[in-house]
Structure formats: C-alpha cells, structure tokens
Amino acid sequence: MTSKAENQARFGVPVDSMVFARGVRKSFGNAEVLKGIDLNVPTGSVACVIGPSGSGKSTFLRCINHLEEVSGGVLLVDGEFVGYDLRHGKLYEVNNKLLCQRRADIGMVFQSFNLFSHMTALENLIEAPIMVRGMSKGEAKDKAHALLERVGLSAKADAYPRQLSGGQQQRVAIARALAMNPKVLLFDEPTSALDPELVGEVLVVMRDLAESGMTMVVVTHEIGFAREVGDQLIFMDGGVVEERGEPREMIANPQSPRTREFLSHVL
Amino acid sequence: MDRAETQAPPEALTVVPLRHYGLWVGTAITLVILGLILKALATNPAFDWPTVGKYLFHPSIIRGLGQTLLLTITIMVLAIIIGTIVAIMRLSPSRVLNAFASAYIWFFRGAPALIQLIFWFNLSLIVREFSLTLPFVGTLFTIKTNDVMTPFVAAVIALSLHEAGYMAEIVRAGINSVASGQTEAAGSLGMNHRLILRRITLPQAMRFIVPPTGNETINLLKTTSLVTIIAVNDLLYAAQSIYARTFETIPLLIVVAFWYLFVVTILSIGQHYIEQYYGRSDQQQGASLGETLRRAFRFGRVAQPA
C-alpha cells in the first residue's frame with residue numbers, strides 16, 4: 001500500500017489537493033462516457049460542474065466515491081485511490097471493509113435525496129455514525145440534533161421522509177452526509193428534483209457549508225450558485241472538460257463557442 | 001322539455017336515483033339461498049349440533065389443535081429462514097448461486113406438497129442410516145434413518161422446504177421493491193453489503209413481504225392437514241380417529257372446521273398489527289380492527305387503503 005505522500009509525489013498532486021483527477025476515463029460497454037477528465041479541487045474550495053445531460057458530469061461525480069469504477073486514469077481523494085491500492089505499478093481492488101472506510105469519508109448528496117424511508121430524520125442521521133463509526137447512541141443523537149438545527153429542521157427530527165417537503169428532505173440528506181464528518185462533499189444535482197420555490201432553502205444550506213470551509217464538488221444547473229459560491233467552474237460536454245475557469249469570468253466571458261451556447265440556454 | 005320545466009327554480013328540482021332492478025333481484029335470490037342453508041343447518045339431524053358441542057373441547061381434539069399449531073409455527077419459521085437465504089442467493093451476482101436458487105424454487109415449489117411429504121417419510125428407502133466417519137478416528141456415530149425420520153420430523157422437513165420455495169419468491173420480490181437509491185445512499189455512507197441488507201433493504205422490504213407471508217401462513221395452517229396421511233396426530237387426524245370409532249363424521253368435521261376458522265381469524269388480526277408496524281413510516285391511518293376482520297372474511301365492500 002502506497003502512502004499518501006508517495007502518491008502525491010508520483011502523480012504530481014498539489015499538496016493541498018482534496019480531489020485530484022488525471023485522465024479519468026469511464027466506459028459502459030462500448031460507450032465511452034468519460035474521455036480523460038483532469039481536475040484538481042484544493043481543500044476547502046468549491047468546484048462546480050455544469051454541462052448538458054449526457055455530458056458525463058454525474059458519472060464523474062459517482063466515480064469519485066467509487067459508486068462507479070473508473071476504466072482508466074488516476075482519481076485520488078485526499079491522496080488515496082478510493083477503490084484501489086497501488087502496488088508494484090498495478091491497481092489492486094481493495095476489500096469491502098477498506099472501501100467502506102474510505103467511502104465513509106466522502107459524503108454524497110443525491111438528486112432524489114434517497115433518505116431511508118423507514119427511518120425518521122433523526123434515525124437517518126444517526127444510522128451510519130453508530131453502525132459504521134461505532135459512535136455511542138447518545139453522542140450520535142446530540143450531534144444529529146445540532147446538525148438538524150444547522151439546516152433549520154430541528155422541529156422535524158421525528159418526521160418520516162414522506163412527511164417532509166422535497167427541500168426539507170434534501171436538507172436532511174445534507175445533514176446526514178455531514179454526520180459522518182466527511183473530508184469532501186459531493187452534490188449530484190441537489191436541486192434538480194425540487195419545485196422552484198424550494199430550491200432557495202437548499203442553496204442557503206450549501207452556501208453556508210461552503211463558507212464554513214467544506215470542500216465541495218457540485219454538479220448543478222444553478223449558474224447563480226456556481227457564480228457566487230464556486231471557486232472554479234468546469235463545463236463538461238461529451239465526456240471531456242470543454243472549458244474551465246474562475247466562475248464569474250467564465251460566465252461573463254466564455255471562450256469556447258460550445259460553452260457560450262450552453263450558458264445562453266441556462267442563464 | 002316543456003316550458004314549465006325550464007321555468008322551475010333550481011332549488012325545486014329533485015334528484016331521482018336510478019333503480020337497480022338487477023341488484024334487487026340478486027339480493028332477493030341470495031337471501032332465499034341463505035334461508036335454505038340456515039334451515040338445513042338447523043333442522044337436518046346429520047349436523048347433530050349437540051355432538052359438535054360435546055367434541056369442541058374434547059382433550060384429543062385440543063391436543064390435535066396444539067400439534068397443528070406447533071407444526072404451522074415450526075414450518076413457517078424454518079421456511080422464512082430458508083426462503084430468505086434462497087432469495088439472497090437468487091439475487092447474488094454469482095451465476096452458480098443464482099442457478100442453484102432458481103433450481104431450488106423450481107423443484108420445491110413445483111412438486112406437490114403431498115408427494116414431498118410421502119417422500120421424506122420414506123427416506124429410509126434411499127438412505128438407510130446416517131453416520132459420521134472421520135479419517136484415523138473411525139465412525140463416531142450411526143443413526144438409522146427410521147429412528148430420526150418420525151412422522152413429525154418428516155412433516156416439518158417436507159413442508160418447510162416446500163413453503164421456503166414460496167417464501168423465497170416473496171422475499172425476493174420484497175427486496176427488489178426497494179429503490180436502488182437506498183442502497184447507493186447507504187453505500188456512500190460507508191455501510192457494507194451485510195449492514196445495508198440488514199438495516200436498510202430488508203426493513204423496507206418487510207412492508208411488501210408481510211401481507212403475502214400472512215396469506216402463506218394461513219394457507220400453511222390448512223396445508224398441514226395433509227400430514228394425517230403419514231399419521232401425524234394433528235387436528236384432522238384426531239377428529240378422524242374419533243369418527244372412525246363413533247361414525248359421527250359430520251359433527252367432527254364441523255369441529256375441525258370451527259378450529260381452523262378460529263385460528264385463521266386470530267392470524268388475520270395479528271397480521272393487521274404487523275402490517276401496521278412496518279407501514280408506520282407511511283403516515284396513512286391504519287385500518288381499524290373491524291375493517292381487518294371484514295377484509296379477512298371478504299364481506300362488505302372495503303375500500304383499499306391508498
């Protein structure tokens with residue numbers, strides 16, 4: 001097993017990098033969805049990924065926590081391969097236990113919330129800390145209440161997901177991810193399934209997280225959020241990064257015609 | 001439409017319901033048939049109600065009932081355990097496990113229960129004895145198949161393997177009914193496969209598993225009456241032993257039917273509460289007990305809860 005420092009030296013990873021991708025490829029059968037993605041997300045920064053549907057942005061996000069296996073390239077989180085160990089120049093798939101340990105450090109928020117529907121909001125938040133981290137029930141509950149308060153839902157601790165609005169469910173889902181103290185938080189179109197008037201409450205929570213220094217990779221259609229909160233903006237199209245840059249600059253003055261066309265549709 | 005009608009003030013209009021003549025005729029015929037049945041039950045001496053009363057709590061009937069209940073519970077518990085294991089194998093990515101599980105379901109669900117029952121009872125025709133022999137140690141013990149395969153054991157093995165075939169399909173359908181996003185979310189929180197199955201998938205699958213499992217239990221309760229054929233002393237066998245002596249066939253069959261119906265009623269009530277427990281995250285108001293009983297006997301039209 002290679003150490004974090006070895007990996008960083010070997011692949012030229014910047015010291016403060018949290019998520020690092022170089023030449024990441026992914027194929028489903030004959031269809032190549034990702035054709036060599038490069039990305040560096042420094043610790044404490046927010047990277048926003050935009051692009052038309054089918055551009056591979058969600059697939060790339062799912063590769064980061066190994067929900068999808070990459071077909072090639074280097075993808076490191078905090079200097080480590082998530083699903084593999086590098087030994088003697090080969091990537092060995094790690095066993096389940098190690099994979100679970102590493103995944104526990106990578107939070108993920110889904111488009112369709114995916115709250116555990118048979119558990120209350122509070123139970124959703126304490127499940128993984130107790131079962132995966134071995135936290136005591138009392139401690140987990142205290143932490144869960146604090147997190148629910150942070151996302152403005154302390155009154156809904158005993159509500160089941162079905163009894164919550166979409167925006168409330170997504171805020172609980174964010175709190176659930178935070179309950180694991182993740183090193184990085186991945187958002188897969190977190191507001192796309194929401195009614196327009198509920199989008200704001202989720203974005204407020206995400207902005208608050210970004211300001212508190214959480215490292216975030218956000219796949220989104222909310223250009224306004226990308227402009228105000230993002231430290232870098234990546235436009236993906238057809239499995240490649242078409243353009244990247246500082247969000248304000250890139251939105252105001254896109255270089256690639258494809259980016260310009262896409263932005264003209266969503267702005 | 002004449003002038004008077006068009007001039008009438010709106011509040012003066014009365015609604016005349018459509019007359020459902022067919023419904024009235026059907027109701028009348030049903031009532032006549034019901035009357036005839038009641039008359040027959042009350043007046044035909046063959047029903048012999050005093051004898052029914054005499055045997056209803058007869059010690060050997062009650063013993064038989066106990067045996068039937070013991071069989072049903074033992075078989076159902078084993079069937080749920082075996083069925084769950086087979087269902088998990090059926091969903092496994094390994095082709096061999098998958099094929100084995102499919103073959104299991106095909107065979108044990110497909111072959112008639114009665115034949116499986118007689119087969120296990122006659123196992124000694126294939127295997128005379130079981131022995132455990134270790135190299136360098138020698139034979140540790142030997143038991144004759146006939147000593148182990150009592151009628152009760154044969155009944156438990158045969159019917160639980162048979163029932164497990166059904167349960168495997170029920171559990172599999174239940175697990176498949178849980179959205180894949182639930183597994184992904186649990187995986188992204190660092191939960192492993194076994195933890196996800198135990199804490200996330202199975203508890204949610206229960207809402208889909210419990211209702212058909214209740215039906216299976218009720219079915220099994222009645223299927224256990226097949227064991228009379230290999231002389232297990234169950235409820236029906238107890239009644240048969242009595243009427244073989246006294247020729248009071250009909251009254252004793254009524255006694256048996258009474259007890260089966262009684263237990264089915266109790267099971268339906270239990271099922272109602274279990275369903276309510278697993279459906280608690282649904283927010284919907286649970287059906288009342290009276291409604292459950294009505295549903296159990298299928299009288300009256302009960303609206304299906306949404």
Side-chain angles (χ1 to χ4, degrees), chain A residues 61-62 64-68 82-83 95-121 123-134 158-164 169 172-173 176-182 184-186 188 193, chain B residues 84 88-89 91-94 97 170-171 173-213 271 273-287 304-306:
Chain A
L61 197 73
R62 292 161 62 84
I64 297 178
N65 74 345
H66 205 65
L67 273 179
E68 306 283 359
V82 175
N95 63 30
N96 245 316
K97 196 178 161 192
L98 204 53
L99 175 63
C100 286
Q101 270 176 22
R102 292 184 189 169
R103 270 189 178 160
D105 287 335
I106 306 170
M108 181 135 183
V109 176
F110 299 84
Q111 181 177 352
S112 49
F113 330 133
N114 294 345
L115 288 179
F116 304 135
S117 61
H118 60 308
M119 297 180 178
T120 63
E123 286 166 346
N124 264 280
L125 262 65
I126 63 175
E127 178 67 18
I130 293 173
M131 303 305 289
V132 177
R133 295 258 199 252
D158 295 322
Y160 285 99
R162 251 167 261 248
Q163 298 161 332
L164 300 173
Q169 286 191 51
V172 173
R176 177 176 68 178
L178 288 174
M180 295 297 280
N181 283 334
V184 53
L185 214 43
L186 312 175
D188 188 4
Chain B
T84 307
I88 291 169
M89 286 168 76
L91 293 167
S92 140
S94 154
L97 293 183
I170 291 173
V171 173
I175 291 177
N176 277 341
S177 74
V178 179
S180 64
Q182 298 280 312
T183 316
E184 281 188 354
S188 77
L189 287 166
M191 296 172 78
N192 62 39
H193 292 305
R194 214 174 317 156
L195 204 53
I196 294 172
L197 190 68
R198 182 163 64 87
R199 300 283 305 174
I200 308 298
T201 314
L202 279 180
Q204 292 187 61
M206 286 310 277
R207 291 191 318 166
F208 293 84
I209 291 174
V210 166
T213 302
Q271 186 183 355
Y273 283 109
I274 297 175
E275 275 177 37
Q276 225 176 17
Y277 174 78
Y278 282 107
R280 67 194 185 286
S281 64
D282 260 354
Q283 193 190 6
Q284 136 212 330
Q285 285 297 306
Q304 289 298 311

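Below, chains carry the letters A, B, ... as their sequence lines are ordered, and counting in each starts from 1. The basis for the numbers below is simple: all heavy atoms, side chains too, and nothing from hydrogens, waters or symmetry mates.
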Donor-acceptor under 3.5 Å (A:His118 side chain, B:Arg199 main chain):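 A pair under 3.5 Å: yes.
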Check: B:Ser188 main-chain N/O paired with A:Asn65 side-chain donor or acceptor under 3.5 Å: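 Side chain of A:Asn65 to backbone of B:Ser188: no pair is present.
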Proximity breakdown for A:Met180 and chain B, heavy-atom pairs closer than 4.5 Å: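 Just the side chain, heavy atoms under 4.5 Å.
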Euclidean distance, A:Asn124 CG relative to B:Ile200 CD1, rounded to 0.5 Å: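 The CG atom of A:Asn124 is 7.5 Å from CD1 of B:Ile200, to the nearest 0.5 Å.
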Portion of [X] that has a non-hydrogen atom of chain A nearer than 4.5 angstrom:
| X | answer |
| --- | --- |
| B:Arg198 | side chain |
| B:Ala179 | neither |
| B:Leu189 | both |

Quick check for you: among [options], which has the greatest number of heavy-atom pairs under 4.5 Å with chain B?
| options | answer |
| --- | --- |
| A:Ile106, A:Asp105, A:Val132 | A:Val132 |
| A:Glu127, A:Arg176, A:Met108 | A:Glu127 |
| A:Met119, A:Lys97, A:Arg62 | A:Arg62 |

Close side-chain approach of A:Asn96 and B:His193, heavy atoms under 4.5 Å: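 A side-chain contact exists here, since the closest heavy-atom pair is under 4.5 Å.
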Taking every non-hydrogen atom, the tightest pair across B:Gln182 and A:Leu115: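 Closest heavy-atom pair between B:Gln182 and A:Leu115: NE2-O, 2.7 Å.
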Heavy-atom pair with the smallest gap, counting every atom of B:Ala185 and A:Phe116: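 In this case the closest contact between B:Ala185 and A:Phe116 is CB-CE2, 4.2 Å.
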Closest-packed option against chain A by number of heavy-atom pairs under 4.5 Å, given B:Gly181, B:Ala186, B:Gly190: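 Top option by heavy-atom pairs under 4.5 Å: B:Gly190.
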Distance-only polar pair, side chains of B:Gln204 and A:Ser117, donor-acceptor under 3.5 Å: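 Side-chain D/A pair, B:Gln204 to A:Ser117: present.
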